[in-house]
Each structure stands twice: as structure tokens, then as C-alpha cells.
There are 4 protein chains.
Amino acid sequence: MRYKELKEITWRCNMELWHQRLIIYTFGNASTIDRDQGVFAIKPSGVPYEKLKAKDMVIVDLDNRTVEGKLRYSSDTKTHSVLYKNFSQIGGVVHTHSPYSVAWAQAKRSIPVLGTTHADHLTHEVPCTEVMSNEMIKGDYEEETGNQIIETFKKQKLTYKEIEMVLVACHGPFTWGSTPEKAVYNSIVLEELAKMALYTFLINPEIKEIKKELIDKHYFRKHGKNSYYGQNT
Amino acid sequence: MRYKELKEITWRCNMELWHQRLIIYTFGNASTIDRDQGVFAIKPSGVPYEKLKAKDMVIVDLDNRTVEGKLRYSSDTKTHSVLYKNFSQIGGVVHTHSPYSVAWAQAKRSIPVLGTTHADHLTHEVPCTEVMSNEMIKGDYEEETGNQIIETFKKQKLTYKEIEMVLVACHGPFTWGSTPEKAVYNSIVLEELAKMALYTFLINPEIKEIKKELIDKHYFRKHGKNSYYGQNT
Amino acid sequence: MRYKELKEITWRCNMELWHQRLIIYTFGNASTIDRDQGVFAIKPSGVPYEKLKAKDMVIVDLDNRTVEGKLRYSSDTKTHSVLYKNFSQIGGVVHTHSPYSVAWAQAKRSIPVLGTTHADHLTHEVPCTEVMSNEMIKGDYEEETGNQIIETFKKQKLTYKEIEMVLVACHGPFTWGSTPEKAVYNSIVLEELAKMALYTFLINPEIKEIKKELIDKHYFRKHGKNSYYGQNT
Amino acid sequence: MRYKELKEITWRCNMELWHQRLIIYTFGNASTIDRDQGVFAIKPSGVPYEKLKAKDMVIVDLDNRTVEGKLRYSSDTKTHSVLYKNFSQIGGVVHTHSPYSVAWAQAKRSIPVLGTTHADHLTHEVPCTEVMSNEMIKGDYEEETGNQIIETFKKQKLTYKEIEMVLVACHGPFTWGSTPEKAVYNSIVLEELAKMALYTFLINPEIKEIKKELIDKHYFRKHGKNSYYGQNT
């Protein structure tokens with residue numbers, strides 16, 4: 001894929017998040033990787049969405065060196081590159097400060113599986129990381145944010161292909177997917193799940209996760225070799 | 001009615017749900033039945049609304065066989081056909097994952113009649129089914145979802161002509177009506193009732209259902225032979 | 001004023017409520033009175049807003065007789081006429097089922113004066129009526145709804161010129177004003193006050209009304225002979 | 001800067017608040033100062049936003065005398081001038097009644113630092129003033145509102161350059177910034193922080209402020225000489 005195309009796709013994904021109102025001003029970023037070339041395109045730092053152009057995207061390699069682009073890359077770039085290096089088959093990463101997802105992250109709570117909308121997308125609660133240690137905060141912070149996510153997945157034995165979203169405690173959501181469009185989709189779905197879960201607890205504070213059988217039924221009718229949801233295209 | 005017309009109506013109803021923001025991506029489906037021909041048109045599975053066309057609708061018979069259409073029908077099709085078979089005079093069925101209605105379904109709570117907005121539409125709480133048994137989940141799940149709804153109506157002695165909506169526990173709302181447009185209307189009204197009921201409980205957690213006399217007054221000024229609401233057209 | 005003009009104004013006020021999303025489908029109505037002629041124009045019953053035309057408005061006299069118009073008038077017409085007869089200087093009445101205002105009405109709670117946004121408009125809580133008696137419900141219900149409002153104002157010694165809004169318990173809001181545009185404004189302001197008050201109690205359930213001095217300061221800088229808010233036009 | 005330009009900028013800032021739905025009707029005002037001339041442009045009192053024109057803005061000096069303009073200036077003008085006189089390097093002031101911010105002000109609660117969205121903008125809770133004394137209310141109220149803000153900053157040893165927003169108890173938010181556009185930005189960000197903080201407490205009522213290290217990390221990566229966020233333009 002040529003850089004131009006990579007930038008176009010990345011710009012469209014960024015703009016979609018803004019149009020869907022998951023991002024205001026500069027509160028987020030999306031990136032797309034070209035695995036063959038080992039580079040990804042990412043939103044530049046601090047450029048407001050209403051002024052963002054496809055040509056402003058920055059091409060970065062996995063050692064966080066700017067390969068092409070005049071602007072400084074997103075301050076969250078190192079988090080993206082840690083995710084690309086560890087989650088070897090993802091094609092895109094998205095970070096937003098969408099309010100319902102942020103609220104769960106600020107509450108330091110994972111989002112439990114309260115219904116089939118959640119189970120349609122993942123069989124597990126949306127994990128929330130632990131609060132970062134002072135060493136990590138004072139060190140290479142954005143890289144450590146990525147490490148914290150990887151660590152959470154290792155510790156809880158989660159697989160990034162099944163669980164394509166995470167809440168960074170005190171901060172907000174990161175999502176990914178096989179394509180950047182899927183990462184955008186996951187951010188929007190996560191915001192919806194976070195909203196539904198809050199409303200559910202307000203109606204019934206004693207509610208528990210739904211049973212394993214129902215989770216599996218919904219997940220596996222959409223995913224894996226026995227799925228029967230969607231078109232075979 | 002020709003298939004083309006049946007598809008057009010069904011497509012318009014699906015799109016209305018999307019325009020009214022009750023559905024994002026592929027989170028729902030609407031269908032329309034032609035009772036004379038014993039077939040219904042329904043949204044295809046997993047096709048996002050922004051790309052949906054009238055010709056994509058699938059014509060299905062009441063044994064869930066595709067009569068016309070190249071695409072695979074909605075994964076919830078069997079739930080629709082159970083409703084059509086048991087509720088003999090309904091003309092349309094709608095399923096969404098609209099957030100306030102889903103929250104009540106996830107909280108496993110029926111929505112009580114808290115005011116006249118509710119009583120204008122039904123004299124009873126919006127019923128919430130029990131959680132499905134493992135046998136039903138592992139069996140013909142979508143058909144069993146329909147059976148669960150029918151069972152709930154039988155057990156609670158409810159009539160589908162008066163109560164045109166239900167919450168499937170842990171899942172979300174289904175609505176129906178004499179026409180598909182009425183089923184869409186009911187989904188939008190249900191979301192509004194679910195929102196108002198949540199806000200009401202947040203203001204006053206001790207609130208009870210309104211009295212029978214007020215429920216009946218509002219319902220019967222809009223429904224039945226002594227109604228005096230609307231135009232005689 | 002000619003009927004045509006009266007209908008035009010009333011239609012514009014009705015449409016404004018719909019555009020501002022205080023009303024969905026047929027959930028509300030606005031009317032305008034011509035005091036000289038002793039008639040008012042009101043929305044017809046059950047006609048959805050997207051199809052509503054100025055010529056559909058119905059001209060009614062204060063004995064609830066249709067003076068002009070082919071359609072049946074709003075089912076709430078008698079409530080409007082009671083308000084016009086008792087509140088002798090109002091020019092318009094509005095009724096909606098906007099969700100936050102309805103929630104307070106369903107919770108059977110008056111909205112206390114929690115801040116200056118409220119005090120800018122009225123010095124008193126937004127009163128909520130008592131629940132209507134069975135006799136009143138089974139009698140001339142819509143007229144009794146009006147009577148219930150008048151009774152509430154008498155019992156609590158409130159003046160309709162200062163308090164231009166009320167919550168009918170288990171039902172929803174009615175507002176009025178010197179002009180129909182002011183009645184529309186009051187419905188929108190009430191919905192905002194209802195929303196702010198709910199959020200305030202969620203943050204601090206122990207909160208009390210603000211002090212009299214602050215209420216008076218805000219109210220009287222906008223109203224009465226010493227007001228200094230707005231333009232002298 | 002010529003008055004015409006000052007008015008244009010101020011009008012654009014006012015309209016932006018309205019377009020972003022932070023203000024309905026006349027519920028707010030924005031102003032811009034020209035330090036060289038010692039005058040500021042501000043919205044006229046009580047003129048609804050849909051009719052507001054750039055030429056309607058009023059030019060006022062720091063003794064609250066109208067320098068140019070036919071309309072009466074905003075009733076909150078004296079609050080603006082107190083802020084301009086005490087916060088010597090701010091370029092704009094904004095006041096709104098946006099619902100989430102107002103809710104915190106009405107709840108008489110400062111908004112604690114619950115996450116990085118907040119820390120990206122300020123290292124401190126958003127302060128809420130004490131309730132104004134009766135003397136201040138009955139005195140020069142709008143000037144005293146400004147004094148109350150200044151007093152809050154002095155008492156709590158806050159600096160206006162770092163904390164560009166405040167909640168006036170029982171009233172609502174005021175924000176400012178080096179430019180009027182920055183003051184508008186701060187009002188929108190504050191509303192977002194207020195919303196996220198409410199949702200966070202609803203999920204976890206026991207939540208505490210995030211740790212100092214994380215606050216500083218986020219604040220100083222965006223502000224000060226070691227910042228690395230945004231472009232060097």
C-alpha cells in the first residue's frame with residue numbers, strides 16, 4: 001500500500017470518530033498499519049478534527065521514527081506501536097475519550113457482560129487495567145500505557161483477537177481490530193456497551209453477568225467456523 | 001401484494017429505525033408479512049444500514065425457507081416467524097438494541113406503568129421474559145426466543161393486540177403491530193417509556209404504578225369503541 | 001386577528017416544539033387564543049407533526065365548540081380552555097411529554113429552585129398537582145385536568161403570571177405565557193430545569209433550595225419595574 | 001484592533017457556544033478584550049442567539065461604561081470586567097448555563113480530578129465558590145459574582161493561568177483563556193468533564209481523585225516548557 005492510500009484510510013477513520021461524536025476537539029486518534037512495510041499512519045498531535053486533512057497524517061515505523069510527514073505525530077503514538085508489535089495481526093488502533101467509556105475507566109471498573117449486545121462482540125468483560133505505577137508514569141509514559149495493556153491481557157489470559165478493546169484505568173478506552181475500520185467500529189460499540197451497562201446498574205444495582213451459555217451462543221453465532229450471522233462475503 | 005412492494009415497505013421501516021437512531025450498524029431488524037401469501041420480507045443478516053437497499057430484503061415463508069432473495073436472512077428471522085404464527089393478526093415485527101429498552105431487559109425488569117404516556121399505549125407493564133433455559137439456548141435459539149415470548153404472554157394472560165411490545169431478558173426489545181409502521185412506532189415509544197421510567201426512578205426510587213382508573217382512562221380514550229382520540233379516518 | 005393568522009401562529013408554535021425535540025409523533029399540543037373573539041386555535045387530535053399543516057389547526061370557542069376546521073380538535077382541548085378561562089391574560093398554552101419534565105411528574109415531585117437558571121424564570125418550585133381523584137378521572141377528564149391545575153394554584157396561593165408552568169402528577173407538563181411563543185419558551189426552559197435538577201440530585205442527594213435572597217435577585221433583575229435584563233423594546 | 005474586528009470575534013465565539021448547544025435562548029454570554037484600548041466587546045442583554053448579529057455586540061470599558069453600541073450590554077458584564085481587571089492576561093470570558101456544569105454548581109461541589117481528560121487541562125479540581133452572602137447579593141450583585149470568583153482563587157491559592165474555569169455555587173460556570181476562542185474551548189471541555197464525572201460517580205460512588213503523578217504527567221505533557229503535545233506553531 002502506498003503512503004498516500006494509508007493516510008487516506010487513516011484520515012477517514014479519524015473523521016468517522018469525530019462525525020459519530022466519539023471525539024471532540026483533539027480528544028483521540030486512529031492509526032492504520034501496513035504490515036509489509038512495517039509502518040503505520042497516525043493522526044498528528046493536537047490538530048483539531050475540523051481542520052484535519054489526509055495529507056496531515058504522519059507515517060511512523062515501529063521504532064517510533066517519523067518516516068514521512070511534516071507534523072509531529074500523536075502523543076499517544078508509542079501506545080499504538082506497542083499494540084502493533086504485540087498484537088501481531090491487528091490492522092488498526094483507536095483511542096478516544098468518549099464519555100461513557102471514560103466513566104468506566106475513571107471508575108476503575110471492567111464492564112461486565114450484562115446482555116447479548118455485549119456477548120455479540122466479546123465473551124468477556126471489557127477489561128480495565130490496574131492504575132499505572134509511579135515508575136511507569138515517570139518513565140516512557142505512552143509506551144508504558146501500551147505495556148500496561150499487554151500486561152493486563154497476559155495476566156488475565158485474554159486473547160487480543162477475541163477481546164478487541166480495553167479500558168486504561170483513570171484514562172479511557174483503546175480499541176483495535178483486523179482493520180482500522182473494525183477498530184473504529186469497536187470504539188463505537190464499546191461506547192454503546194458502556195452506556196447500556198451504566199443504565200442497567202441504575203435500574204438494578206444487584207445485576208450479575210449473564211450466563212455462560214447465553215454469552216457463548218451469541219458470540220459463536222457471529223464468530224468462528226459455526227457462525228451463521230452475516231453474509232459469506 | 002407483490003414482493004417488490006413488500007420489500008419496499010420493509011426497507012423503509014428498517015431505515016426509519018436507523019434514522020431515528022434506535023439502531024446503529026446492524027443492531028436490529030424489521031419485517032413485514034403478507035398474510036395472503038404466507039410470506040414476510042425481512043432485513044438480510046449483518047448488512048449495515050448505510051448500505052441497505054430495498055432489493056436486499058429477503059422473502060421468507062413461515063417455515064423459514066427463503067422464497068426470494070440472494071442474501072442470507074436476518075439471524076433473528078425465526079423469532080419473527082414464531083411471532084407471526086402465534087400472533088395471527090400482526091403485520092410487522094421489529095427488533096432493536098436501543099439503549100434504554102436494552103437496559104431494562106438487562107436489568108431483568110418489566111417497565112411498570114408510571115404515567116399516562118405509558119397508559120396511552122398499553123394498560124400493563126411492558127413485560128420482561130424470564131431468562132432462557134440452557135436447553136432452549138442450546139436448541140433452536142432464535143425460535144426458542146420467539147417461544148419464550150409466546151410463553152410469557154400465555155403465563156401472564158396477556159393479549160398481543162393490547163400489549164405490542166416485550167423485553168427479552170438479557171437481550172432487548174421486540175415490538176409488533178397491525179402494520180410494520182405500527183411496529184416501528186412501538187419500538188420508538190418503548191424507548192421513550194424506558195427512558196422516562198429510568199429517570200422517574202432516579203428522582204423517586206419509591207414510586208409505584210399509577211392507579212387503574214387513570215390507566216384505563218388514557219388507554220380507552222385512544223383505543224376501542226368509545227375512543228375519542230385522533231381522526232375518524 | 002383573522003383565523004388564518006391565528007392558525008399560522010399556532011402551527012409555527014407546534015412545529016417549534018417538534019423541531020426542538022420536545023415532542024415525538026403526536027405527544028403534545030400548542031394553542032393560541034384571540035381574546036377579542038373568544039376563540040383559540042389548537043392542534044387537531046392525533047395528527048403526526050411531520051404531516052401537520054397550518055390549515056389543519058382547529059378554531060374552538062371557550063365552550064369547546066368547533067368554530068372552524070374539518071378535523072377533530074386535540075383531546076386535551078378542554079384543559080386548554082379551562083386555563084384560558086381562569087388565567088385571564090395568557091395568550092397561549094402548551095402541553096408536551098418531554099422526558100425530563102414527565103419524569104418529575106411521574107415521580108410526583110415538584111421541582112425545587114436549585115439554582116439561578118430556575119430563579120431567572122420563577123421564584124417558586126415548579127408545582128406538581130396531586131393525583132386526580134377517581135371521580136375526576138371518570139368525569140370530564142380533560143376539563144378536570146384543567147380544574148386540578150387551577151385548584152393547585154389556588155391552594156398553594158400561586159399566581160399564573162409568575163409561575164407559568166405546572167406538572168400534572170402521573171402525566172406531564174403544561175405551560176402558558178402572555179403569548180404562545182412564550183408558552184413554547186416555557187416548555188423548553190422547564191425541560192432544561194427538570195434535567196438540571198435531576199443531575200443535581202444525582203451529584204448531591206442532600207441538596208436544598210437556594211436562599212430567598214438569591215432567588216429574588218435573579219427573578220427581579222429580569223421581571224418587574226426594577227428589572228435591568230434585556231432591551232427596552 | 002478596531003471595534004469592528006473585536007465585535008466579529010466576540011460574535012463568532014458567542015455563536016459557537018450556541019451551535020455546540022451549550023447555550024439555549026439567551027442562557028450565556030462571551031466577551032473579548034482589547035488590552036491596548038482597555039475595552040471589551042460583549043453580547044447584548046437578552047437578545048436570543050438565533051437573531052444575534054456581530055454589529056449588536058457592545059463595546060464596554062473596564063469601568064462598565066458603554067463605549068459603542070446601541071443595545072444594553074449583558075447583565076453579567078460586571079462579572080466579566082472584574083475578571084479582566086484581576087486576571088491581567090486573559091483575552092476572553094465565557095459564561096453558560098450548560099446542564100452538567102450547572103448541576104455541579106447547583107450541587108455546590110467542585111469537580112475532582114477523576115481522570116486524564118481532566119488532567120490534560122488542569123491539575124486541580126474545578127473549584128466551586130461558596131454561596132454568596134446576602135450583603136453581596138443585595139449589593140452590586142454581578143460585580144460581587146466576579147469578586148467571589150477572585151476571592152475563591154485567592155483563598156485556595158489557585159492561579160488563573162492554570163485553572164481557567166470555575167463554578168459559581170447555585171449558579172453555573174465561568175471560563176476564560178488567553179484568547180476568547182480558548183475560553184469557549186474551556187466551556188465545552190468543562191461540560192465534558194462535568195458529564196464524565198457524574199457518570200463516574202454513578203458507576204462507583206467511592207471513587208477518589210487520581211494520583212498526583214498521573215495528573216502532573218498529563219498536564220505537563222501539554223503545558224509548559226517540557227510539553228511535547230501538539231505542533232510547534
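Labels below follow one simple rule: chain letters A, B, ... track the order of the sequence lines, proteins then strands, and each chain is numbered from 1. Note that this is a predicted model, so its numbers are computed, not measured.
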If you count heavy-atom pairs under 4.5 Å with chain C, which of D:Ala103, D:Gly46, D:Ala197, D:Ala105 comes out on top? D:Ala103
Between D:Val47, D:Val131, D:Leu71, who has the most heavy-atom pairs with chain C when the cutoff is under 4.5 Å? D:Leu71
Region of [X] that comes under 4.5 Å of a non-hydrogen atom in chain D:
| X | answer |
| --- | --- |
| C:Phe201 | neither |
| C:Lys211 | side chain |
| C:His218 | side chain |
| C:Asp120 | side chain |

Tell me, for [X] versus chain C, whether the close heavy atoms (under 4.5 Å) come from the side chain, the backbone, both or neither.
| X | answer |
| --- | --- |
| D:Ile24 | side chain |
| D:Arg109 | side chain |
| D:Pro205 | neither |
| D:Ile137 | both |
| D:Val168 | neither |

Taking atom [atom1] of [X] and atom [atom2] of [Y], what is their separation to the nearest 0.5 Å?
| X | Y | atom1 | atom2 | result |
| --- | --- | --- | --- | --- |
| C:Ile210 | D:Met132 | CD1 | CE | 11.0 Å |
| C:Lys217 | D:Glu142 | NZ | CD | 5.5 Å |
| D:Ser133 | C:Leu214 | OG | CG | 11.0 Å |

Restricting to non-hydrogen atoms, name the atom on D:Ala107 and the atom on C:Thr200 that form the minimum distance, rounded to 0.1 Å. N-CG2, 3.6 Å
Nearest non-hydrogen partners of D:Ser45 and C:Gly230, listed with the distance: OG-N, 2.6 Å
Quick check: does any side chain N or O of C:Gln231 sit under 3.5 Å from a backbone N or O of D:Arg72, one acting as donor and the other as acceptor? yes
Should we say atom NZ of D:Lys85 is surrounded by more than 12 heavy atoms from elsewhere, each under 6.0 Å from it? yes
Is atom CZ of D:Arg21 surrounded by more than 12 heavy atoms (other residues, nucleotides or ligands) closer than 6.0 Å? no
Heavy-atom distance under 4.5 Å between the side chains of D:His97 and C:Met196, does that happen here? yes
Quick one: does D:Gln106's side chain get under 4.5 Å of C:Ile203's, heavy atoms only? no
Under 3.5 Å side-chain donor-acceptor pair for [X] and [Y]:
| X | Y | result |
| --- | --- | --- |
| D:Tyr100 | C:Tyr199 | yes |
| C:Glu213 | D:Tyr141 | no |
| D:Thr26 | C:Tyr229 | yes |

Contact list for residues 124-134 of chain D, test salt bridge (Lys or Arg N to Asp or Glu O under 4.0 Å), sequence neighbours left out: D:Glu130-D:Lys155
State whether D:Asp76 and C:Arg221 are salt-bridged, where the test is any N-O pair (Lys NZ or Arg NE/NH1/NH2 against Asp/Glu carboxylate O) under 4.0 Å. yes
Stepwise side-chain contact (heavy atoms from CB on, under 4.5 Å) check, D:Trp104 with C:Asn204: CA-CA 9 Å; D:Trp104 284 89; C:Asn204 184 353; over 6 Å; no
Return the set of residues passing ring-ring contact (aromatic ring centres under 6.0 Å, His included) with C:Tyr160 (not counting sequence neighbours), or none when no residue passes. C:Phe87
Quick check, are the ring centers of C:His121 and D:Phe27 under 6.0 angstrom apart? yes
